[in-house]
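First up is the structure itself, then whatever we jot down about it.
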Amino acid sequence: MNYKLDMHTHTLASGHAYSTIREMAHAASMTGLDILGITEHAPKMPGTCQLFYFQNFKVIPRKMEGVQLMFGAELNILNEAGAVDLPEETLARLDITVASLHIPCMAPKGIKENTEAILNAIRNPYIDVIGHPDDGRYPLDYEAIVREAKKYHTLLEVNNASLNPQGFRQNTRANDITMLKLCKSYGVPVILSSDAHFAGDVGRFPFAKEVLKETGFPESLVANYRKELLFATLAEKKNRSGFYKI
């Protein structure tokens, strides 16, 4: 099957990425995607854009080169309470939100503290996806996270950039395999993300595809194959109005 979407990508607005919105949209079109999510790093990440950027998406066309565009943020989880770095009134207007643990924004702690931070983010009605929960620098209780994701209709991400052998996150393959086996057991959907910081990586998931194959993970639980699964999950998470509706 062909991948239909890539919902976690970055343009040069994030400060350490290298392509424009139009370049990313062109790459998505060339890769055959139907939908591209652009999720710039939220304000606490050094060098990224600030609040007004996320409040002005109305000026950007929602379709380029035949690709539907969804604009959001990769939020930084800041503490064990699951606090993130954009206000709720802004989050409510975004098309897609990813929440992740990043070293500059929350230092790694013990498994209990790290897990509590993720669980509280999952419970946030404005958070759609937990980004790269595979980083071994943040040990996690994956069963607790998978069970909570099922309860709150939050997608768990298999991040292709994390799995790249040249990546900086630790023990990602083993952690993703653990998470995917639990997701398969509990029937919890996942989403593959390129986490592209350059247009050439948009819609490309070779390392993520390998771990799906290794775990025998069912296509029916992968949002990238069926955009209806993405939209249904978003609708379950919260009742938004907007162009993303089917």
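These numbers come from the heavy atoms of this one structure, side chains and all, not from hydrogens, waters or symmetry mates.
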Do Thr154 and Lys237 have side-chain N/O donor and acceptor atoms under 3.5 Å apart? yes

Give a yes or no on whether Phe198 atom CZ has more than 12 heavy-atom contacts from other residues, nucleotides or ligands under 6.0 Å away. no

For atom CZ of Arg137, is the number of surrounding heavy atoms from other residues, nucleotides or ligands below 6.0 Å larger than 12? yes

Salt bridge check: are Arg123 and Glu116 linked by an N-O gap of less than 4.0 Å? yes

His8 side chain to Glu74 side chain, donor-acceptor N/O pair below 3.5 angstrom: yes

Should the heavy atoms of other residues, nucleotides or ligands under 6.0 Å from CZ of Arg147 be counted, would the total exceed 12? no

CD (Glu148) and CG (Asp141) are apart, to the nearest 0.5 Å, by 11.0 Å

Under 4.0 Å between a Lys/Arg side-chain N and an Asp/Glu carboxylate O for Glu80 and Lys109? yes

Among side-chain atoms of Asn159 and Ser193, is any donor-acceptor pair under 3.5 angstrom? no

Tell me yes or no: between the side chains of His16 and His41, is some donor less than 3.5 Å from an acceptor? yes

More than 12 heavy atoms of other residues, nucleotides or ligands under 6.0 Å from CZ of Arg169: yes or no? yes

Distance alone, cut at 3.5 Å: any donor-acceptor contact between the side chains of Lys58 and Asn56? yes

